[in-house]
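Data block below; observations after.
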Amino acid sequence: MSYTALYRKWRPSGFEDVKGQDHIVQTLKNQITGQRVGHAYLFCGTRGTGKTTIAKIFAKAVNCEHPADGSPCGECASCQSIAAGRSMNVVEIDAASNNGVENIREIREQVQYPPTEGRYRVYIIDEVHMLSTGAFNALLKTLEEPPSYVIFILATTEVHKIPITVLSRCQRYDFRRITIDTIAARLRELADAEQIQAEDRALSYIARAADGSMRDALSLLDQCVAFHYGTLLTYDNVLQVLGAVDASVFSDLLRAVLEKRTADCIRKLEEMVIAGRELGQFVADFIWYLRNLLVLKTTDDAEGILEMSEDNIKRLKEEAQLVDGDTLMRFIRIFSDLSNQLRYASQKRVLIEVALIKLTKPQMEENLDSILQRLAELEARMDEGPAVDQELLKSLAAQAAGGMAAGAFAPGTPEGAGGLPGAGGSAGMGAGGIAGGAAAPADYIPQKVAIPKAQLEDLNLIRQDWGKIIRDLGGAIRPSFRDTVLEPSGDSCLCIVFSSPENYAIGSRPTVLGELETYIGQHYGKELYLKARLKNAGERLNTIYVSDEELKEAIHMEITIEE
């Protein structure tokens, strides 16, 4: 007797067996019991969440001779005929291979004839997004006004490819990804029924690896059981079959990264390659591990969010103390970008090694989160080694919080030469750059300009939160304010300097500036006037603004204040 795969053997035959889609099941049952069955349905959602299964159950229920609470009885001639695939009333079509106009014309001809038995003819069109444009057009009229005895159920994993003309003619049901707990409970139920010995930890990992798909979970369980047939299915067995990595490896890798042990990170990767671990799965699992650490760092009720044992949460809490949230977000960004690259890469190992080097050597990247990490390292060294220039440290912090949050490095200003100009262009580090560095060329040396103390306070207040202000307003404003800096422009007035003519055309509009002024007034209690200008060709936005009192004390002479 041939073997039947678990996902086929245990496919639900009634609504009560469907897991994780209660909102859809209850709605369909209510329609059947209330005799309010529609003529066209669209089931959309990720793979393996029950779209086709529920469509078949629904087809049985509307034709069942003795339905119970909206569910098919499974015993009448109609139910048994549909379950066996013999019924002429249920037609299942794979649109991936039957996507032409002629295929839809055949359906239009068939729907003219009422069912010989039962009440409804049900057409289930799977992967309907694969239909051609002509096929969709041919389907429209029939879909809008089908005979009273015809029901269309369209299923798709890519609902964005469905024409709006089709969407508007269907009742849409979005299938959710099934939770890890729900999948794990179902795996335990089936394992007991099949007399499969398996650890709960092993089933939980399979459930997580299935990524919300019950069908994938059953296929993975089938694969693992086949490899270790007749023995206890352990967590280590599952990792071996799926090419996955134990969480302890991630812990060791994280510590090596935080301690800047680049060579150890690469050796860890080599060990996984030699052991035959799947590198794409390793990257996905490491991102998930970092996500759990970030959740622990940023939420109060992490235990209620993380789906893991108390022992694992306790271990993660200890590791979360080793790293700050900003650094974790940088790590997640780098590995998320890496995950996208691996899909089409032939040299996966090289790309992962490059990513690990980025983690251990943030100075190799020129972006906000790497600067924040290096700033934290500078602060940590203040108590350990030679004194660090306090003004330099404050300058670097202001630049990271201001200019980088709103855009990127000021054009033409390299790191360490003229400083990292912030949103106000006032955070340059002077000719020396980082303490102990080489002198910068003369054209990189920032100019110091004295302004009244009140103007400087307004400038610093808005400059340090400039990135947050732009993010909060969001919408079309945010992308237009990339690479902008703030400069003083008189009493209660600031000027926004744009680097791009296109962004200037949008950001300088009175309505946009008015929205910014209103936000500043509401959140900072300041009545400030904003204006805008376009950066001049060759202009360096690295001016250092100081109060006139500070400059007088520094140079002990009279100065002229710019108006």
Side-chain angles (χ1 to χ4, degrees), residues 368 394-395 397-413 418-428 446-536 539-551 559-563:
L368 175 59
K394 292 178 182 177
S395 174
Q399 295 155 21
M404 286 300 295
F409 290 99
T413 307
L420 304 171
S426 63
Q447 177 187 5
K448 281 191 176 183
V449 173
I451 59 175
K453 185 176 181 180
Q455 292 185 24
L456 183 62
E457 289 176 352
D458 288 342
L459 174 66
N460 289 337
L461 175 65
I462 304 305
R463 180 185 60 192
Q464 67 183 2
D465 285 351
W466 185 236
K468 177 181 181 299
I469 293 171
I470 298 304
R471 287 196 304 272
D472 287 352
L473 289 175
I477 290 180
R478 184 173 180 177
S480 301
F481 281 79
R482 289 185 59 84
D483 302 318
T484 57
V485 296
L486 290 176
E487 63 182 18
S489 187
D491 291 338
S492 300
C493 182
L494 298 176
C495 183
I496 307 170
V497 185
F498 290 82
S499 299
S500 162
E502 294 81 6
N503 290 343
Y504 171 73
I506 298 174
S508 62
R509 291 181 300 180
T511 53
V512 175
L513 296 177
E515 189 174 353
L516 284 167
E517 291 171 355
T518 301
Y519 180 94
I520 291 172
Q522 292 175 346
H523 291 78
Y524 296 90
K526 288 281 186 178
E527 296 295 331
L528 296 180
Y529 174 69
L530 297 178
K531 59 184 184 179
R533 73 174 179 87
L534 186 61
K535 173 178 172 284
N536 297 321
E539 179 182 5
R540 296 196 179 281
L541 303 175
N542 62 347
T543 303
I544 296 179
Y545 294 100
V546 297
S547 68
D548 48 356
E549 294 90 345
E550 290 173 341
L551 194 57
I559 60 173
T560 301
I561 300 174
E562 285 194 358
E563 294 294 340

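Taking CG of D465 as the start and CZ of R471 as the end, the distance is 9.0 Å to the nearest 0.5 Å. Rounded to the nearest 0.5 Å, atoms CG (L459) and SG (C495) are 11.5 Å apart. Rounded to the nearest 0.5 Å, atoms NE2 (H523) and NZ (K468) are 6.0 Å apart. Interatomic distance, CD1 of I462 versus CG of L494, reported as 6.5 Å (0.5 Å rounding).
L528 is listed as a side-chain neighbour of S492, based on a closest heavy-atom distance under 4.5 Å. Counting heavy atoms from C-beta outward, F498 and I506 have side chains that stay 4.5 Å or more apart. The shortest distance between side-chain heavy atoms of Q464 and L461 falls below 4.5 Å. Between E487 and Y545 there is a side-chain heavy-atom pair separated by less than 4.5 Å.
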- Could you give me the CA-CA distance, side-chain angles and deciding distance for I470 and T484, then say whether side-chain contact (heavy atoms from CB on, under 4.5 Å) is met? CA-CA 11 Å; I470 298 304; T484 57; 5.8 Å; no
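Partners of N503 by side chain to side chain donor-acceptor pair (under 3.5 Å), not counting sequence neighbours: none found. In this view, Y524 satisfies the ring-ring contact (aromatic ring centres under 6.0 Å, His included) rule with no residue, not counting sequence neighbours. K531 is linked by a salt bridge (charged side-chain N to carboxylate O under 4.0 Å, His left out) to nothing, counting only residues two or more places apart in sequence or in another chain.
The shortest non-hydrogen separation linking L530 to L513 is O-CD1, 3.9 Å. In this structure, Y529 and E517 approach most closely via the heavy-atom pair CD1-OE2, 3.5 Å.
With L534 as the fixed residue, the side chain to side chain contact (heavy atoms under 4.5 Å, CB included) test singles out one of S499, P501, S500: P501.
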